[in-house]
Trainee: 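One structure follows; several queries about it will come next.
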Amino acid sequence: MRGTVRYVYDFDEPSEGGRELLGGKGIGLAEMTQLGVPVPAGFTITTDACRAYMANAQRFPDGLSDEIEQHLDGLEQKTGKRFGDAEDPLLVSVRSGAAVSMPGMMDTILNLGLNDEAVEGLARGTGNPRFAYDSYRRLIQMYGEVVEGIDAQRFEHALGELKETRGIQQDVELDADDLQELVGTFMQIYEDDTGVPFPQDAGEQLARAVRAVFESWNTPRAQVYRRAHRIPDDLGTAVNVVQMVFGNKGPGSGTGVAFTRDPSTGEQGLYGEFLADAQGEDVVAGIRTPEPLAAMEERLPDAFEQLTETMRRLEEHYKDVQDIEFTVEDGRLYLLQTRSAKRTAAAALKAAVSMVDEGLISREEAVARIDPAQLDQLLHPMIDPKAQLEVVARGLNASPGAASGAIVLDADGAEARGRAGESVILVRWETTPDDIHGLIQAAGILTAHGGMTSHAAVVARGMGKPCVAGCEDLTIDLGARTITLAGRHLAEGDTLTIDGGTGSVIVGEVDLVPPQINEDFETILGWADDLRRLKVRANADTPEDAAKAREFGAQGIGLCRTEHMFMAEDRLPVVREMIMASGEDERRAALDRLLPHQQVDFEGIFEAMAGLPVTIRLLDPPLHEFLPPLEEAHDERMRERIKALQESNPMLGTRGCRVGLLWPEIYEMQVRAIVRAAAAVEERTGDAPLVEIMHPLVGFAEELHRLRAITVATAREESEAVEYLVGTMIELPRACIRADEIAEHADFFSFGTNDLTQTTLGFSRDDAEGKFLTRYLEDGVLRRNPFERLDQSGVGELMQIAVERGRGVKPDLKLGICGEHGGEPESVAFCHRLGLDYVSCSPYRVPLARLAAAQAALAESGVEAVAAGG
């Protein structure tokens, strides 16, 4: 006996495990059953069973077969049909269903239970032999692909040949005799490929199908998807065994997908697609181009009315936008699935704001359900309205945004060229789940076939990539590696532009502009600002960056890197003169010429950030970075200086505060420029800039002690009136451990987590990401790239030590973070828990950080962030 362990639950049975146990599809079917929504009967094999199967060398755990048999008996009693019966067979579908939605990544098999005898019984019992043989050929193909791994193209090619022979275009034009012939062809393909005939025992079909769905959890495409969407590998999938209902019985039947709101815009209204006389896979796989949902009202008015009422009930129950799969069998509606709808960022914001207005959810719930990373979609480029362009073709506007790039005709090519930094448009007849690696790297997707709920459309919307689907004027010649767009011939590598918001396809590159932030965006972020404790600053080095940051809601500048100002074309020669100087006098003379330039830079930034704090980091990189490479230096004196400054490991060499201590006149010039700029801006505007002067790479308290003295003395020479703070970047492990000593001389700390990650892990970022880090992530040595998401257990613990020891000396010590981790949601949440005062990130990530900071505050109060359809 297995004690109390259960692996199978009927849809109408209560279960304690929820989504984690039953999977998203299973919990949806169970809840719909309990709500009285019309759902086919069936049962769910839990994620526990999948994990046990994987742990048991891919064998069913003890007792699972018996449980499946018991629940199958119950299903037979509910339906009045017997599984495997020759006259009136019970047919079932086997569908995957993980706890986290992974659309198209795992496998489904329909019409299980048919065999050579049962198909004849089904034909006699329904009086519809065409339907019976259509169902059987689908089973052979899906079972062959999923269970045996037969190439889908072999079946599709046979189907295409038959249609060509008959002189027809659509599958529905094949009659019963044609489909019976196709069954024979498919049987032969199956036997040729596997060496055995198609199984006639219904029990064997079901057992092998369940195994195949379990195993689909670990297909390469599913693993790639999980890595891209940061889904744990150990969740496993549930398997749903569901009574078949048939949308392919004739004109009174059909199948479709419906959304309770538009997943591209979030607007209320009728949205979805319908196919008469078809099964569900025809819609989601893009096999036939469907009709709009409204067409169903004319064909099947009663079922349509019931569908719209059920959609309303489900949205009110779940308080979220629902994505519903349904089938109509002889006029009777069945719902096969409901789930939180994948949607664009614009749609997520619109739906959340509308639902607050409608009283469905609270403001806190609205803020908690927006995925911060999804906001990137609203910051994607759009086609410049002033651009001169010729639209050569149109398809469906499947996912908004615009992209230009080189045409690539296969996923492998898209992945390779995308990884190399090239912008590419993946152009396909239709994408499949096996294309996921190419979709991740492509700038945009264009398909010739499929609808708004096809694989390409759903995946692109989830990733925030532009997609134009179902472009009928597109033909692809894979052999010649060319495409034709409305008569225009293009080769792989030529440039295309697509506009996923309008469905337009343009030959050549088109100017793109950043999109405008809309009212819903501002509303959600306004609510977020009311909820968060953490302030959000931006990393900005120019007045233009500062203005953009302020537009995105930044509350100051957390990092202004002065070295970028040194690289300007009109200054670099003077910087080089300073480095080449033979002594301090020459060096100071060059610095005196640089000072007015630095002052102008700082004045522009202070004005753009009027009333807000600005943290200016004094010169950080080693001086050799301002000199040309040795091989390009023709002056012998220059060559000698380059050789003298060369270091084996410059990242840990003469840089940061070490430059300021060896050549204090450099930092003196920068402090003078800062103080003069602050005084000038105050005199002009009446607003005193909030100045924070930051010394980089401090590891010893004495370094900051000396540099603070230089800073204070220099500032006093310029003005007694300008107020400022002096602090340091914490980017060395020693600085974290001795933070109490360093805090004696600091008004603030800012964690430079890019370098702190490098120095803590012993990773050179450029070398790690280009060499072993990718392998580490693929092999599971690391679960996350520590340069993208803060290493909380390593780097994070050092930060915690620094916070505790620094504030132990100075309870009011201002603390922030200025690495790019400051815009990554989980890292922002960690900074909130750590008690930092602010995070700082690039201007375009400021909105993400504002939302993530609010969600961190909500989580602390017990309201967990649950991204809706991200």
Side-chain angles (χ1 to χ4, degrees), residues 262 264-265 286 289 344-347 376-411 413-415 417-418 420-431 435 438-452 454-461 463-478 480-516 518:
D262 187 326
S264 285
T265 67
T289 299
T344 63
D376 265 343
Q377 291 182 22
L378 295 179
L379 309 174
H380 282 331
M382 308 292 280
I383 288 177
D384 187 337
K386 303 188 196 75
Q388 298 293 310
L389 53 89
E390 178 192 357
V391 176
V392 296
R394 289 190 187 276
L396 300 172
N397 53 329
S399 183
S404 293
I407 297 167
V408 177
L409 299 180
D410 61 79
E415 180 184 43
R417 294 172 73 161
E422 188 175 358
S423 180
V424 299
I425 306 295
L426 180 59
V427 181
R428 303 283 277 159
W429 166 250
E430 167 56 287
T431 65
D435 293 325
L439 289 165
I440 288 169
Q441 295 297 330
I445 301 106
L446 171 64
T447 69
H449 215 52
M452 300 287 279
S454 63
H455 176 263
V458 171
V459 172
R461 280 198 296 270
M463 291 182 177
K465 294 178 186 288
C467 175
V468 175
C471 179
E472 294 182 356
D473 288 328
L474 169 65
T475 58
I476 302 169
D477 186 338
L478 282 174
R481 310 301 287 181
T482 60
I483 69 169
T484 304
L485 271 171
R488 297 278 292 271
H489 298 287
L490 298 167
E492 188 169 37
D494 290 346
T495 302
L496 267 189
T497 298
I498 62 170
D499 184 343
T502 64
S504 303
V505 184
I506 302 118
V507 173
E509 189 168 351
V510 177
D511 289 338
L512 305 178
V513 295
Q516 301 302 308
N518 65 21

Trainee: Output, in order, the C-alpha distance, side-chain angles, deciding distance and verdict of side-chain contact (heavy atoms from CB on, under 4.5 Å) for Leu485 and Leu496.
Mentor: CA-CA 11 Å; Leu485 271 171; Leu496 267 189; 3.7 Å; yes

Trainee: Considering only NZ, NE, NH1 and NH2 on the basic side and carboxylate oxygens on the acidic side, decide whether Arg488 and Glu390 come within less than 4.0 Å.
Mentor: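 Looking at Glu390 together with Arg488, the answer is yes, because their closest N to O distance falls below 4.0 Å.
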
Trainee: For Pro466 and Ala443, which heavy atoms make the closest approach, and how far apart are they?
Mentor: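 Smallest interatomic distance, heavy atoms only, reads CD-O, 3.3 Å.
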
Trainee: Which heavy-atom pair separates Ile445 from Ala456 by the least distance, and what is that distance?
Mentor: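 Smallest interatomic distance, heavy atoms only, reads CG2-CB, 4.2 Å.
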
Trainee: Is there a side-chain contact between Thr482 and Leu490, using heavy atoms and a 4.5 Å cut-off?
Mentor: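 Thr482 vs Leu490: side chains apart.
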
Trainee: Take Asp410 and Arg428 through the side-chain contact (heavy atoms from CB on, under 4.5 Å) test and state the conclusion after the steps.
Mentor: CA-CA 7 Å; Asp410 61 79; Arg428 303 283 277 159; 4.3 Å; yes

Trainee: Can you measure from CD1 (Ile407) to CD1 (Ile483) and round to the nearest 0.5 angstrom?
Mentor: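 CD1 of Ile483 is found 4.0 Å from CD1 of Ile407.
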
Trainee: Has the side chain of Asn397 got a donor or acceptor atom that lies under 3.5 Å from a matching backbone atom of Thr502?
Mentor: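 Not a single qualifying donor-acceptor pair exists.
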
Trainee: So how far is it from Glu430 CD to His449 NE2, rounded to the nearest 0.5 Å?
Mentor: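 Result: 8.0 Å between the selected atoms.
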
Trainee: On a heavy-atom basis, which atom in Arg394 and which in Ser504 lie closest, and how many Å separate them?
Mentor: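 Where Arg394 meets Ser504 most closely, the heavy atoms are NH1-OG, 2.7 Å.
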
Trainee: Taking atom OG1 of Thr497 and atom CD1 of Ile425, what is their separation to the nearest 0.5 Å?
Mentor: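 That separation rounds to 7.0 Å.
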
Trainee: With rounding to the nearest 0.5 Å, note down the distance linking OG1 in Thr475 to NE2 in His489.
Mentor: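 Separation between the atoms: 8.0 Å.
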
Trainee: To the nearest 0.5 Å, what is the distance between CD1 (Ile506) and CG (Leu389)?
Mentor: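 Result: 5.0 Å between the selected atoms.
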
Trainee: Determine the minimum heavy-atom distance between Gly493 and Ala406, stating which atoms define it.
Mentor: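 Nearest pair, atom of Gly493 first, then Ala406: O-CB, 3.7 Å.
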
Trainee: Can you confirm whether more than 12 heavy atoms, excluding those of Glu509, are under 6.0 Å from its CD atom?
Mentor: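 Count not over threshold, so no.
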
Trainee: Go through Leu426 and Leu439 one step at a time and tell me if the side-chain contact (heavy atoms from CB on, under 4.5 Å) criterion holds.
Mentor: CA-CA 7 Å; Leu426 180 59; Leu439 289 165; 4.0 Å; yes

Trainee: Report yes if some heavy atom in the side chain of Ile476 is under 4.5 Å from a heavy atom in the side chain of Leu478; otherwise report no.
Mentor: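 A side-chain contact under 4.5 Å exists here.
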
Trainee: Tell me the closest heavy-atom pair linking Ala414 and Gly438, and the distance in Å.
Mentor: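 Residues Ala414 and Gly438, closest heavy atoms: CB-O, 3.8 Å.
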
